[in-house]
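Chain A is the first sequence line, chain B the second, and so forth, proteins listed ahead of strands; every chain is numbered from 1. In this text the structure is predicted, and so the values were computed from the model without any measurement.
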Number of protein chains: 2
Amino acid sequence: MPKRPFTRPAPPRPTNAELEILRVLWRRGPCTVRAVHASFERADPIGYTTVLKLLQIMTEKGLVRRDASLRSHVYSAAVSEASTQRRMVADLVKRAFGGSTLRLLLHALATRPATPREVYQIRRLLNHQKNGARA
Amino acid sequence: MPKRPFTRPAPPRPTNAELEILRVLWRRGPCTVRAVHASFERADPIGYTTVLKLLQIMTEKGLVRRDASLRSHVYSAAVSEASTQRRMVADLVKRAFGGSTLRLLLHALATRPATPREVYQIRRLLNHQKNGARA
DNA sequence: ATACTATTACGAAGGCGTTCGTAGCTCAAC
DNA sequence: GTTGAGCTACGAACGCCTTCGTAATAGTAT
């Protein structure tokens, strides 16, 4: 078998390093390895080839896309921030809240009491949803 | 140095296997290895000694406590479900939502539109919090 | 053309999580 | 006392994640 004809489904939760790289790509758009490496800010600095290797692996996993037409390959995120967040939240809900998103919500609200501004925003969202909510 | 004088702080997110075991202990209370193993329901069954090993490791990590006074040791959860959920949510917020719990909330609300009953519960919580909310 | 530099590719090491086989111990039954 | 069943302890294997060193390659400047 050759490489892989179709893109693998994205894993439920990217690893730490993968997330850090995705964050850079989401924020700055398509980047060379050097650019990604440069905009990495860490307690312990990370090697250039480490970033390269990660990007290569992430390409295989379908997390990023590579444009190899230039000498310095240009990488871009192949998964959106929103969809990644969705997957990660879904994973957390499944693993820690028995599949109940509501429980996650209540938990988050209870542990981190909202500021008035936050309360306002949540209320606004609830009002909007009231209409379009699917039972 | 001997074993470890004080309990290590619980890790931000228990692993999958650890969570599955904790779930059993939370649900059924203190259990022997055999009991934990018995109440495991999985697509692929898991070996008895695997559960044992996991419980031993979790003891070292401070996730469970062991009562070795009986021949069959009795294990119990050393971390509460609520605190574990708190840690896991905090970890997710940090890793995927740039530290903003609000963003997680809005995201969860947006992706999984609430049922009227859910909306009601959330509103109620918001009302309660309004008073006690720390700015 | 040659030497230097930037980049990619490859491989390997170390750590952690998960799994299980095997050995050794303890208690009870005979 | 000997045997057997059940339990714990230990260690090893395997895979994945992260890290980096080194080799190979392509482009640039002299």
A.B. asks: Can you measure B/Met58 atom CE to C/dT19 atom C1' for me and round it to whole angstrom units?
C.D. replies: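 Interatomic distance, CE of B/Met58 to C1' of C/dT19: 16 Å.
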A.B. asks: Rounded to whole Å, how long is the line connecting atom CG of B/Leu63 with atom P of C/dT18?
C.D. replies: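 Those two atoms, CG and P, are 11 Å apart.
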A.B. asks: Would you say B/Tyr75 and B/Thr59 make side-chain contact, with heavy atoms under 4.5 Å?
C.D. replies: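 Yes, side chains in contact.
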A.B. asks: Measure from CD1 on B/Ile57 to P on C/dG15 and round the result to the nearest Å.
C.D. replies: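 Rounded to the whole Å, the gap is 16 Å.
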A.B. asks: Taking the basic N atoms (NZ, or NE/NH1/NH2) and the acidic carboxylate oxygens, is any pair closer than 4.0 Å for A/Asp91 and A/Arg95?
C.D. replies: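 The answer is yes: the pair qualifies as a salt bridge.
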A.B. asks: List for me each residue that meets side-chain hydrogen bond (donor to acceptor under 3.5 Å, both in side chains) alongside A/Ser80, sequence neighbours excluded, and say none if there are none.
C.D. replies: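 Counting only residues at least two positions away or on another chain, A/Ser80 forms a side-chain hydrogen bond (donor to acceptor under 3.5 Å, both in side chains) with A/Ser83.
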A.B. asks: My understanding is that only residues two or more places apart in sequence, or in another chain, count here; which of them pass ring pair (Phe, Tyr, Trp, His ring centres under 6.0 Å) with A/His73?
C.D. replies: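 Counting only residues at least two positions away or on another chain, A/His73 forms no ring pair (Phe, Tyr, Trp, His ring centres under 6.0 Å).
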A.B. asks: Please report how far the helix from C/dA1-D/dT30 to C/dC30-D/dG1 bends, comparing the axis fitted to its first five pairs with the axis fitted to its last five, to the nearest 10 degrees.
C.D. replies: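 The value is 20°.
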A.B. asks: Just how far, in rounded Å, is C1' of C/dG15 from NZ of B/Lys61?
C.D. replies: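 Those two atoms, NZ and C1', are 12 Å apart.
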A.B. asks: Just the endpoints, please: which first and last nucleotides of DNA chain D, 5' to 3', lie under 4.0 Å from a heavy atom of chain B?
C.D. replies: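 Using the under 4.0 Å cut-off, the span is D/dG6 to D/dG11.
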A.B. asks: Under the side chain to side chain contact (heavy atoms under 4.5 Å, CB included) rule, collect the residues that match up with A/Tyr48, sequence neighbours excluded.
C.D. replies: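 Side chain to side chain contact (heavy atoms under 4.5 Å, CB included) check on A/Tyr48 returns A/Val33, A/Arg34, A/His37.
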A.B. asks: Check the distance between C/dT19's P and B/Leu54's CG and give it to me in whole angstrom.
C.D. replies: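 So the two atoms are 7 Å apart, to the nearest Å.
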A.B. asks: Only counting residues at least two apart or in another chain, list the ones meeting salt bridge (charged side-chain N to carboxylate O under 4.0 Å, His left out) with A/Arg117.
C.D. replies: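 Scan of A/Arg117 (salt bridge (charged side-chain N to carboxylate O under 4.0 Å, His left out), adjacent residues dropped) gives none.
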A.B. asks: For B/Thr101, enumerate each residue passing the side-chain hydrogen bond (donor to acceptor under 3.5 Å, both in side chains) test, keeping only those at least two apart in sequence or located in another chain.
C.D. replies: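 Checked B/Thr101 against side-chain hydrogen bond (donor to acceptor under 3.5 Å, both in side chains); zero matches.
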A.B. asks: List, by chain and number, the other hydrophobic cluster members for A/Leu70, where Ile, Leu, Val, Met, Phe, Trp and Tyr join if side-chain heavy atoms come within less than 4.5 Å, directly or indirectly.
C.D. replies: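 A/Leu70 clusters with A/Val74.
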A.B. asks: Go through the structure and list residues passing side chain to side chain contact (heavy atoms under 4.5 Å, CB included) with A/Thr49, not counting sequence neighbours.
C.D. replies: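 Partners of A/Thr49 under the side chain to side chain contact (heavy atoms under 4.5 Å, CB included) test: none.
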A.B. asks: Which residue pairs pass the salt bridge (Lys or Arg N to Asp or Glu O under 4.0 Å) test when at least one of the two sits in residues 65-84 of chain B, sequence neighbours left out?
C.D. replies: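 Residue pairs passing salt bridge (Lys or Arg N to Asp or Glu O under 4.0 Å), neighbours aside: none found.
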A.B. asks: Which whole-number value in Å describes the distance from A/Leu55 CG to C/dA9 C1'?
C.D. replies: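 Roughly 14 Å, once rounded to whole Å.
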A.B. asks: Classify the nucleic acid contact of B/Thr50 as base, sugar-phosphate or nothing, counting any heavy atom under 4.0 Å across all strands shown.
C.D. replies: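 Base contact - B/Thr50 has a heavy atom under 4.0 Å of at least one base atom.
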A.B. asks: With sequence neighbours excluded, tell me which residues meet side chain to side chain contact (heavy atoms under 4.5 Å, CB included) with B/Glu20.
C.D. replies: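 In terms of side chain to side chain contact (heavy atoms under 4.5 Å, CB included), with neighbours along the sequence ignored, B/Glu20 is linked to B/Arg23, B/Phe40, B/Arg42.
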A.B. asks: Between protein and nucleotides 4-8 of chain C, what N or O pairs are separated by less than 3.5 Å?
C.D. replies:
unit_1: C/dA6; atom_1: N3; unit_2: A/Arg71; atom_2: NH2; d: 2.9
unit_1: C/dT7; atom_1: OP2; unit_2: A/Arg34; atom_2: NE; d: 2.5
unit_1: C/dT7; atom_1: OP2; unit_2: A/Arg34; atom_2: NH2; d: 3.1
unit_1: C/dT8; atom_1: OP1; unit_2: A/His73; atom_2: N; d: 2.9
unit_1: C/dT8; atom_1: OP2; unit_2: A/Tyr48; atom_2: OH; d: 3.0

